[in-house]
Amino acid sequence: GNSGKGCLGHAIGDKIDKSNLRCGFLPVHEKDAVFLVTSGIIQNFDPVVLCEATSSGKAGAEKRGSTDKGTNAEHPPAAPIPEETESAKLAKLTELLLSARSHKRVEYLNADILVNTLFEYAIEATDEKRKFLERSWDDVDYIDAEDQSSKEYEILKVAEDYPGKVDHATAVAYKVGHLTDGQRHTIRKAFFYSPT
């Protein structure tokens with residue numbers, strides 16, 4: 001990843017990159033599950049990150065000389081445009097959650113199942129890359145300081161060919177509830193009560 005140079009998120013020089021900043025509004029209803037995740041989870045649903053396609057339109061597994069991802073060397077997938085990438089991520093996420101619901105034999109996923117499903121998925125999606133990096137970083141410890149920087153660059157370049165994004169993974173989920181007037185009053189009193 002790129003250095004944020006002390007900024008929260010991406011940066012262009014010393015300025016915050018707001019070009020991909022998005023804000024959305026979606027009404028929720030009682031009993032809806034709401035979840036928030038960091039890039040270490042959501043980006044692992046991206047077909048480019050998963051090496052199912054690359055920005056150049058070639059299949060990731062093909063780049064490694066493998067067909068283990070089911071790619072067709074004669075017809076590599078086209079480079080996805082941003083809207084297709086978002087649709088693909090949402091489709092893969094929906095499939096995962098429906099599968100989890102079916103596997104757990106529940107009508108609705110609770111917050112605990114939802115978060116655990118997302119973490120298990122991220123761990124599995126990054127397994128091959130993580131193992132490669134762990135083996136490679138062990139070797140770097142025994143290299144002279146002068147050669148270390150070029151070796152690290154080499155490792156990161158090769159790691160690009162492995163699926164997944166090894167990054168911080170945080171997930172928070174909750175179920176939307178309904179507060180009675182009495183509960184709302186109690187909360188207001190607890191947070192806004194002034195003894196003076």
Side-chain angles (χ1 to χ4, degrees), residues 1-14 16-17 19-22 35-93 95-96 99 115-172:
N2 295 330
S3 169
K5 299 186 183 189
C7 295
L8 180 59
H10 297 286
I12 302 172
D14 292 331
I16 297 172
D17 178 9
S19 63
N20 67 352
L21 179 65
R22 287 179 266 163
F35 60 99
L36 310 167
V37 296
T38 57
S39 60
I41 292 182
I42 196 62
Q43 288 187 357
N44 282 301
F45 288 93
D46 185 323
V48 174
V49 172
L50 293 173
C51 294
E52 294 169 352
T54 67
S55 55
S56 64
K58 291 187 178 180
E62 176 192 314
K63 286 176 24 182
R64 289 196 312 272
S66 164
T67 57
D68 63 337
K69 295 290 177 195
T71 57
N72 184 337
E74 292 181 52
H75 305 290
I81 58 174
E83 293 82 9
E84 289 173 342
T85 300
E86 290 304 311
S87 292
K89 286 184 344 190
L90 184 58
K92 195 175 281 288
L93 175 61
E95 179 184 328
L96 174 73
S99 173
V115 168
N116 283 320
T117 298
L118 292 170
F119 280 128
E120 288 167 5
Y121 172 82
I123 289 167
E124 184 179 324
T126 60
D127 188 58
E128 192 178 351
K129 179 178 273 183
R130 198 171 355 88
K131 286 178 180 172
F132 166 76
L133 289 171
E134 287 169 357
R135 285 189 310 268
S136 300
W137 292 134
D138 284 345
D139 295 340
V140 170
D141 291 340
Y142 301 103
I143 297 175
D144 294 339
E146 296 171 8
D147 298 329
Q148 211 165 21
S149 181
S150 62
K151 182 64 177 175
E152 288 174 359
Y153 176 80
E154 268 180 53
I155 290 169
L156 293 175
K157 203 72 184 145
V158 172
E160 290 176 3
D161 292 342
Y162 287 89
K165 179 178 183 189
V166 180
D167 200 349
H168 62 284
T170 304
V172 176

Practice task
Answer yes or no: is there an ion pair linking K157 with E154, defined by an N-O contact shorter than 4.0 Å?
Solution key: no
Could you tell me if the side chain of [Y] sits less than 4.5 Å from the side chain of [X], heavy atoms only?
X    : Y    : value
L50  : K92  : yes
L118 : L93  : yes
E160 : L156 : no

Rounded to the nearest 0.5 Å, what separates atom [atom1] in [X] from atom [atom2] in [Y]?
X    : Y    : atom1 : atom2 : value
E128 : D161 : CD    : CG    : 10.5 Å
K129 : C51  : NZ    : SG    : 6.5 Å
K165 : N44  : NZ    : CG    : 8.5 Å

Problem - Worked verdict on F119 versus V37 for side chain to side chain contact (heavy atoms under 4.5 Å, CB included) - result: CA-CA 10 Å; F119 280 128; V37 296; over 6 Å; no
Practice task
Spell out, as yes or no, whether a donor-acceptor pair under 3.5 Å connects the side chain of T38 to the backbone of H168.
Solution key: yes
Problem - Side-chain donor or acceptor of R130 paired with backbone N/O of I123 under 3.5 Å - result: yes
Handout entry: Listed partners of S39 passing side-chain hydrogen bond (donor to acceptor under 3.5 Å, both in side chains), at least two apart
Key = D167
Handout entry: side-chain hydrogen bond (donor to acceptor under 3.5 Å, both in side chains) involving T117 - partner list, sequence neighbours excluded
Key = none
Exercise for the section: Quick one: list whatever passes ring pair (Phe, Tyr, Trp, His ring centres under 6.0 Å) with F132, sequence neighbours left out. Expected result: Y162
Practice task
List the atom of I41, the atom of T170, and the distance in Å for their closest heavy-atom pair.
Solution key: CD1-O, 3.9 Å
Problem - F45 and its side-chain contact (heavy atoms from CB on, under 4.5 Å) partner, picked from L96, L90, T85 - result: L96
